[in-house]
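As structure tokens, the structure follows; a few thoughts come after it.
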Amino acid sequence: MTGKPQVPKTHIVMTIAGSDSGGGAGIAADLKTFAAFGVHGTCAITSVTAQNTTGVLKAFDLTPEAVGSQIEAVCKDMDIKWAKTGMLSSSEIIKEVARQVKKHRLSLVLDPVMAAEAGGDLLRKEALSALVEELLPLCKVTTPNASEAGALAGVSVKTHEDARLAARKIADLGVEAVIVTGGHIDATDLLYESVSGDFTRVPGVFVKGGTHGSGCTYSASMTACLACGDSLQAAARKAKEFVEQAIRRSVPVGRGVGPVNPLGKTLEERERYLVLKDVKEAVLILEDSPEFAKFIPEVGCNIGMAIPGARNCEDIAAVESRIVKFRERARPVGCVNFGASRHVAGITLAALREKPDIRAAMNIKCSKEILDACREMGLGISSFDRAKEPEDVSIADWGISEAIREYGGVPEVIYDEGGVGKEPVTRLLGTCASELAKLAVRLAREME
């Protein structure tokens, strides 16, 4: 049979929330999160906030009609089954959203936003009763933090026993599932399913980073996962993991509480692909050069490259088991992979601590002729003495750091003259592996 290829189904979800002019929470965080999960995000803006990392300065509510019209327009045209709510500041807006949820039979994840992480109230006191009476009974899942759960249940929530009590009380209002997030307790979320009466603990860890928008990101993650068919427990675990990595990859952008980075992991995976591609290209350049083979030390050489902001060996790609000389040509023994070489990783990490754009390193033979060729090409050169190497330290880390300190910056070339049982080595540093490979080949041809 012939015909058009089958197109994968696109899940479409909606966020009904306020805007954050600082780009860290609300609609901005929700749409970035939806994109990271591969679902199409739509939105209905409820309020426009003048907000930054220090807090909410002013808020301008849209009329209930404006909010309802946005929901109506999207739902008439697109197949929306799952939606989430965020900032619903007034009872009038809440009642309109409840009307639209019933009309379009939306499965709802309710994030009972009451205050911004950076500071500032987002729910009027008089609107809390409307939220409890009008909207909570319509939602499938609600995701309050400890403070919000306490306000909804009318109890103080400081421990997991408090959270269990609050979850039951909130479920009694008509909610199918309650997740009391643990960011303000001990990083463990508590999921309560009212039909079965079961509690599920979703453990986590506190991670360093900005937390502005973490609640929005969590509820948006839940919405995306549920729309894709995940169970409640699976969605809760995925949302937990997603928020933790978004906090870990946050970037300071202002003077206050930094926003989470929902696209951080996606962008990092892109960088990992690009790094693997570049190191593989570098290896091909070295293999194709008959001149380069004479630069390979007896122990072999290697070439590696780090992703931006690399933290450890697993963030640096290199050749497994090194590159050796075989039949007068450079030949990789293994594949290019992350975490393949602690030696190249140590060199790279020491360099990028001083200069973040220096992300590539390789080691070659060391000789007077090679160093003279480096000088003739105008490359910056520094060195260290292996005889002064402290005990119980990595030579890659200590030696490179010592040479950088002596040079007053990061040179293109760092060498040592070896020691007892240690072969002299030259290390080349650069911004990317392929350019470093081209430099090494150019050096080899200069010596010809």
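Source: prediction; values computed, not measured.
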Item to check | Donor-acceptor pair, side chain of Asp189 and main chain of Gly182, under 3.5 angstrom | outcome: yes
Item to check | Non-hydrogen side-chain atoms of Arg322 and Val299 separated by less than 4.5 Å | outcome: yes
Item to check | Derivation and outcome, side chain to side chain donor-acceptor pair (under 3.5 Å), residues Asp30 and Thr33 | outcome: CA-CA 5 Å; Asp30 293 341; Thr33 301; 5.6 Å; no
Checklist entry - Quick one: does NZ or CZ of Arg272 land under 6.0 Å from the six-membered ring centre of Phe338, within 45 degrees of the ring axis? => result yes
Item to check | Side-chain donor/acceptor of Thr53 to backbone N/O of Gly256, under 3.5 Å | outcome: yes
Item to check | Arg164 to Phe199, cation-pi by 6.0 Å centre distance and 45° axis angle | outcome: yes
Next on the checklist: Measuring only between side-chain heavy atoms, which start at C-beta, is Val253 closer than 4.5 Å to His212?
Outcome noted: no
Item to check | Backbone N/O of Cys43 and side chain of Thr15: donor-acceptor pair under 3.5 Å | outcome: no
Checklist entry - Between the side chain of Glu369 and the main-chain N/O of Met447, is any donor-acceptor distance below 3.5 Å? => result no
Checklist entry - How close do Gly380 and Glu412 get, heavy atom to heavy atom, and via which atoms? => result N-OE1, 2.7 Å
Next on the checklist: Can you confirm whether Glu417 is buried at CD, in the sense that more than 12 heavy atoms of other residues, nucleotides or ligands lie under 6.0 Å from that atom?
Outcome noted: no
Item to check | Heavy-atom donor-acceptor pair, Ser289 side chain to Ile285 backbone, under 3.5 Å | outcome: no
Checklist entry - When you look at Cys301 and Phe295, which way does the side-chain contact (heavy atoms from CB on, under 4.5 Å) test go after all the steps? => result CA-CA 9 Å; Cys301 75; Phe295 273 18; over 6 Å; no
Checklist entry - At what distance, to the nearest 0.5 angstrom, does CZ of Phe206 lie from CD1 of Ile247? => result 9.5 Å
Next on the checklist: For Val413, is there any backbone N or O sitting under 3.5 Å from a side-chain donor or acceptor partner on Ser382?
Outcome noted: no
Next on the checklist: What I'd like to find out is whether the side chain of Thr431 reaches to under 4.5 Å of the side chain of Arg359, using heavy atoms alone.
Outcome noted: no
Checklist outcome for this item: Scanning both residues in full, the closest heavy-atom pair of Ile179 with Ala236 reads CD1-CB, 4.2 Å
Checklist entry - If you round to the nearest 0.5 Å, how far is CD1 of Ile303 from CD1 of Ile323? => result 6.5 Å
Checklist entry - Is Phe292 close to Arg445 at the side-chain level, that is, under 4.5 Å between some pair of heavy atoms? => result no
Checklist entry - Side-chain contact, heavy-atom cut-off 4.5 Å: Arg405 with Glu354? => result no
Checklist entry - Would a distance-only check, ignoring hydrogens and angles, find a side-chain to backbone donor-acceptor pair under 3.5 Å from Glu423 to Glu298? => result yes
Checklist outcome for this item: Closest non-hydrogen atoms of Val344 and Ala361, given as atom of the first, atom of the second and distance, are CG1-O, 3.8 Å
Checklist entry - Is there a donor-acceptor contact under 3.5 Å from the side chain of Thr426 to the main chain of Tyr415? => result no
Checklist entry - How far apart are the closest heavy atoms of Leu439 and Met377, and which atoms are they? => result CD1-CE, 3.6 Å
Checklist entry - Are any of the side-chain heavy atoms of Ile170 and Pro144 separated by less than 4.5 Å? => result yes
Next on the checklist: Please check this pair: side chain of Glu244 against backbone of Val205, looking for a donor-acceptor N/O pair closer than 3.5 Å.
Outcome noted: yes
Next on the checklist: What's the separation between atom CG in Asp198 and atom CG in Leu232, rounded to the nearest 0.5 Å?
Outcome noted: 11.5 Å
Checklist entry - Which heavy atom in Ala433 sits nearest to a heavy atom in Ala282, and how many Å separate them? => result O-CB, 3.4 Å
Checklist entry - How about Arg342: does its CZ atom have over 12 heavy atoms from other parts shown lying under 6.0 Å from it? => result no
Next on the checklist: Checking His11 against Asp79 for the side chain to side chain donor-acceptor pair (under 3.5 Å) test, could you report, in this order, the C-alpha distance in whole Å, the side-chain angles of both residues, the deciding distance, and whether it holds?
Outcome noted: CA-CA 8 Å; His11 297 285; Asp79 183 18; over 6 Å; no
Next on the checklist: Can you confirm if the aromatic rings of Tyr218 and Phe242 lie within a centre distance of less than 6.0 Å?
Outcome noted: no
Next on the checklist: Test side-chain contact (heavy atoms from CB on, under 4.5 Å) on Ile404 and Lys355; report intermediate values, then the result.
Outcome noted: CA-CA 10 Å; Ile404 289 171; Lys355 195 173 181 182; over 6 Å; no
Next on the checklist: For a salt bridge (charged side-chain N to carboxylate O under 4.0 Å, His left out) check, start with the C-alpha distance between Arg427 and Asp416, then their side-chain angles and the critical distance, and finish with the verdict.
Outcome noted: CA-CA 9 Å; Arg427 298 142 185 101; Asp416 74 87; 2.8 Å; yes
Checklist entry - Just how far is it from atom NZ of Lys158 to atom OG of Ser147, taken to the nearest 0.5 Å? => result 11.0 Å
Next on the checklist: Just verifying a value: how many Å separate Thr181 OG1 and Leu191 CG, rounded to the nearest 0.5 Å?
Outcome noted: 12.0 Å
Next on the checklist: Set out, in order, the CA-CA distance, both residues' side-chain angles and the distance that settles side chain to side chain donor-acceptor pair (under 3.5 Å) for Lys84 and Ser219, then state yes or no.
Outcome noted: CA-CA 7 Å; Lys84 65 146 290 189; Ser219 56; 2.8 Å; yes
Next on the checklist: side chain to side chain donor-acceptor pair (under 3.5 Å), that's the test. Do Thr54 and Asn52 meet it? Break it down for me.
Outcome noted: CA-CA 5 Å; Thr54 66; Asn52 54 34; 2.5 Å; yes
Checklist entry - Is there a side-chain contact between Cys432 and Met305, using heavy atoms and a 4.5 Å cut-off? => result yes
Checklist entry - Going through the distances and angles, do Leu88 and Val113 end up as a side-chain contact (heavy atoms from CB on, under 4.5 Å)? => result CA-CA 7 Å; Leu88 306 172; Val113 176; over 6 Å; no
Item to check | Min side-chain heavy-atom separation Met114-Leu152 under 4.5 Å | outcome: yes
Item to check | Main-chain N/O of Gly23 paired with Lys32 side-chain donor or acceptor, under 3.5 Å | outcome: yes
Checklist entry - Yes or no on side-chain contact (heavy atoms from CB on, under 4.5 Å) for Val39 and Cys228, after CA distance, side-chain angles and deciding distance? => result CA-CA 8 Å; Val39 300; Cys228 292; 3.6 Å; yes
Next on the checklist: Ignoring hydrogens, what is the shortest heavy-atom contact between Val13 and Ala227? Give both atom names and the distance.
Outcome noted: CG1-CB, 3.5 Å
Checklist entry - Do any pairs count as a salt bridge (Lys or Arg N to Asp or Glu O under 4.0 Å) and have a residue in residues 279-288, sequence neighbours left out, and if so which ones? => result Glu287-Arg331
Item to check | Cationic N near anionic O, under 4.0 Å, Lys265 to Glu268 | outcome: no
Item to check | Glu241 vs Lys238, salt bridge (charged side-chain N to carboxylate O under 4.0 Å, His left out): CA-CA, chis, key distance, verdict | outcome: CA-CA 5 Å; Glu241 291 170 3; Lys238 287 182 181 180; over 6 Å; no
Item to check | From Ser250 atom OG to Gln245 atom CD, the distance as rounded to the nearest 0.5 Å | outcome: 10.5 Å
